[in-house]
S.K.: 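The following block contains the structure, expressed as structure tokens.
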Amino acid sequence: MSPAKKQKEKEPELTTEPKSGCYIFPNGDRYEGQYIQLPDNVLERDGNGSHTSFDGTMYEGTWSKDKMHGYGKIRFPSGAFYEGHFQENKFHGAGTYCWPNGSFFRGTFIENKMEGAGEFTDTEGQVWCGNFWKRVAPDLRFKINN
């Protein structure tokens with residue numbers, strides 16, 4: 001058997017089976033959760049996990065191919081947060097965005113934008129519903145609670 005063939009047999013086979021652990025990034029960010037190890041020895045967040053950025057932004061939820069993807073919650077240092085569906089690091093699908101003043105939007109998001117049917121609740125608890133499109137809501141209606 002040639003030496004090259006022996007060397008090849010001794011190399012461990014890398015799999016994409018999920019593992020769990022904690023990783024501190026060079027900039028101080030911290031990830032704790034599931035990941036996979038790619039053939040080039042790169043670790044990729046995949047599965048459930050939480051990531052806290054050095055600035056205090058915290059995401060907890062599902063990851064796929066090193067991106068927020070699936071259901072999760074992200075909190076910002078300002079006090080604002082989003083909870084709902086993500087697609088490739090963007091708010092995408094059903095979700096709720098809450099501003100630091102307590103007002104919030106619950107509805108559909110497309111690539112980080114409020115798009116489609118939804119409800120906006122202001123700081124007084126008044127609810128406005130309608131379709132949102134590119135930062136405007138042309139048919140917004142006040143919702144009366146009985």
Side-chain angles (χ1 to χ4, degrees), residues 7-146:
Q7 178 68 22
K8 195 171 193 178
E9 287 176 7
K10 290 181 182 179
E11 291 177 12
E13 184 178 325
L14 297 175
T15 66
T16 56
E17 289 295 316
K19 299 176 184 179
S20 292
C22 181
Y23 181 77
I24 308 293
F25 293 83
N27 68 351
D29 286 9
R30 175 186 176 98
Y31 175 75
E32 190 165 348
Q34 295 176 310
Y35 64 91
I36 57 173
Q37 186 173 357
L38 300 176
D40 58 359
N41 284 329
V42 171
L43 300 182
E44 192 173 84
R45 295 168 287 193
D46 199 88
N48 293 315
S50 63
H51 183 109
T52 303
S53 298
F54 71 94
D55 70 357
T57 301
M58 187 176 129
Y59 172 77
E60 187 169 356
T62 307
W63 297 84
S64 178
K65 297 181 182 174
D66 216 36
K67 294 185 179 186
M68 297 177 288
H69 195 87
Y71 191 84
K73 184 172 187 176
I74 188 165
R75 292 186 170 277
F76 300 98
S78 67
F81 68 88
Y82 170 82
E83 183 169 5
H85 292 273
F86 288 80
Q87 183 175 308
E88 296 190 353
N89 285 340
K90 295 179 181 174
F91 310 157
H92 197 87
T96 302
Y97 185 91
C98 185
W99 284 268
N101 67 4
S103 60
F104 63 92
F105 171 82
R106 180 175 288 127
T108 305
F109 290 80
I110 297 176
E111 295 187 348
N112 287 339
K113 297 180 186 98
M114 298 178 289
E115 296 276 335
E119 291 185 347
F120 175 79
T121 303
D122 66 22
T123 58
E124 303 296 318
Q126 297 176 14
V127 180
W128 302 86
C129 57
N131 286 303
F132 292 75
W133 185 68
K134 296 189 179 185
R135 296 188 178 187
V136 297
D139 68 343
L140 203 58
R141 299 173 313 279
F142 180 68
K143 184 176 180 180
I144 298 174
N145 295 322
N146 292 331

S.K.: Which atom pair, heavy atoms only, marks the closest approach of Gln34 to Ser20?
M.R.: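 Minimum heavy-atom separation between Gln34 and Ser20: CG-OG, 3.7 Å.
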
S.K.: Test side-chain contact (heavy atoms from CB on, under 4.5 Å) on Asp29 and Phe54 and set out the steps.
M.R.: CA-CA 5 Å; Asp29 286 9; Phe54 71 94; 3.4 Å; yes

S.K.: In Å, rounded to the nearest 0.5 Å, how long is the span from CG of Asn89 to OG of Ser64?
M.R.: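 The OG atom of Ser64 is 10.5 Å from CG of Asn89, to the nearest 0.5 Å.
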
S.K.: Give a yes or no on whether the backbone of Ala117 and the side-chain of Asn131 come within a donor-acceptor separation of less than 3.5 Å.
M.R.: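 Yes; judged by distance alone, with no hydrogens or angles, the pair exists.
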
S.K.: Can you list every pair that meets side-chain hydrogen bond (donor to acceptor under 3.5 Å, both in side chains) and has a residue in residues 67-78, with sequence neighbours left out?
M.R.: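 Counting only pairs at least two positions apart or across chains, the side-chain hydrogen bond (donor to acceptor under 3.5 Å, both in side chains) contacts touching residues 67-78 are Tyr71-Glu83.
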
S.K.: Using 0.5 Å steps for rounding, measure from the CG atom of Leu38 to the CG atom of Leu43.
M.R.: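 It comes to 8.0 Å.
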
S.K.: Kindly assign one of parallel, tilted or perpendicular to the pair Tyr82 and Phe91, based on the angle between their ring planes and the thresholds 30° and 60°.
M.R.: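 Plane angle under 30°, so parallel.
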
S.K.: Looking at every heavy atom in both Pro26 and Tyr23, which two are closest together, and how far apart are they?
M.R.: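 Heavy atoms only, the tightest pair is CD-OH, 4.2 Å.
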
S.K.: Do Ile110 and His92 have side-chain heavy atoms sitting under 4.5 Å apart?
M.R.: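 Counting from C-beta outward, Ile110 and His92 do come under 4.5 Å.
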
S.K.: Could you report the tightest heavy-atom contact between Gly130 and Arg141, atom names first, then the distance?
M.R.: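 Closest approach of Gly130 to Arg141: CA-NH1, 4.1 Å.
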
S.K.: So, for Phe109 and Tyr97, is the gap between ring centers shorter than 6.0 Å?
M.R.: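 Between Tyr97 and Phe109, which both carry aromatic rings, the centre distance is not below 6.0 Å.
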
S.K.: Who are the salt bridge (charged side-chain N to carboxylate O under 4.0 Å, His left out) partners of Lys143, not counting sequence neighbours?
M.R.: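 Here the qualifying residues are Glu119.
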
S.K.: Can you name the side-chain contact (heavy atoms from CB on, under 4.5 Å) partners of Asp55, sequence neighbours left out?
M.R.: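 Partners of Asp55 by the side-chain contact (heavy atoms from CB on, under 4.5 Å) criterion, ordered by chain and then number, come out as Ser53, Thr57, Pro77.
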
S.K.: Determine, step by step, whether Phe120 and Phe132 satisfy the ring-ring contact (aromatic ring centres under 6.0 Å, His included) criterion, reporting the C-alpha distance in whole Å, the side-chain angles of both residues, the deciding distance to 0.1 Å, and the verdict.
M.R.: CA-CA 10 Å; Phe120 175 79; Phe132 292 75; 7.5 Å; no

S.K.: Please round to the nearest 0.5 Å and tell me the distance separating atom CD1 of Ile144 and atom CD of Gln126.
M.R.: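 That separation rounds to 10.5 Å.
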
S.K.: Kindly check if the number of other-residue, nucleotide or ligand heavy atoms within 6.0 Å of CH2 (Trp133) is above 12?
M.R.: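 No - once you tally the heavy atoms of other residues, nucleotides and ligands closer than 6.0 Å, there are 12 at most.
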
S.K.: Got a sec, which residues hit salt bridge (charged side-chain N to carboxylate O under 4.0 Å, His left out) with Glu88, two or more places apart in sequence or on another chain?
M.R.: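 With neighbours one apart ignored, the set is empty.
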
S.K.: With rounding to the nearest 0.5 Å, note down the distance linking CG in Asn112 to CZ in Phe86.
M.R.: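 Result: 8.5 Å between the selected atoms.
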
S.K.: List the atom of Trp63, the atom of Asn48, and the distance in Å for their closest heavy-atom pair.
M.R.: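 The pair with the smallest heavy-atom distance is CD1-C, 4.4 Å.
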
S.K.: Rounded at 0.5 Å granularity, tell me how far OG in Ser50 sits from CE in Met58.
M.R.: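 The CE atom of Met58 is 5.5 Å from OG of Ser50, to the nearest 0.5 Å.
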
S.K.: Let me confirm one number: the CH2-CZ distance from Trp99 to Phe81, rounded to the nearest 0.5 Å.
M.R.: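 That separation rounds to 11.0 Å.
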
S.K.: Side chains of residues 100-108: which donor-acceptor pairs under 3.5 Å do they make with residues two or more places apart or in other chains?
M.R.:
residue	atom	partner	partner atom	Å
Asn101	OD1	Ser103	N	2.9
Asn101	OD1	Ser103	OG	2.7
Arg106	NE	Thr96	OG1	3.3

S.K.: Using salt bridge (charged side-chain N to carboxylate O under 4.0 Å, His left out) as the criterion, list what pairs up with Asp66, not counting sequence neighbours.
M.R.: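 Arg45.
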
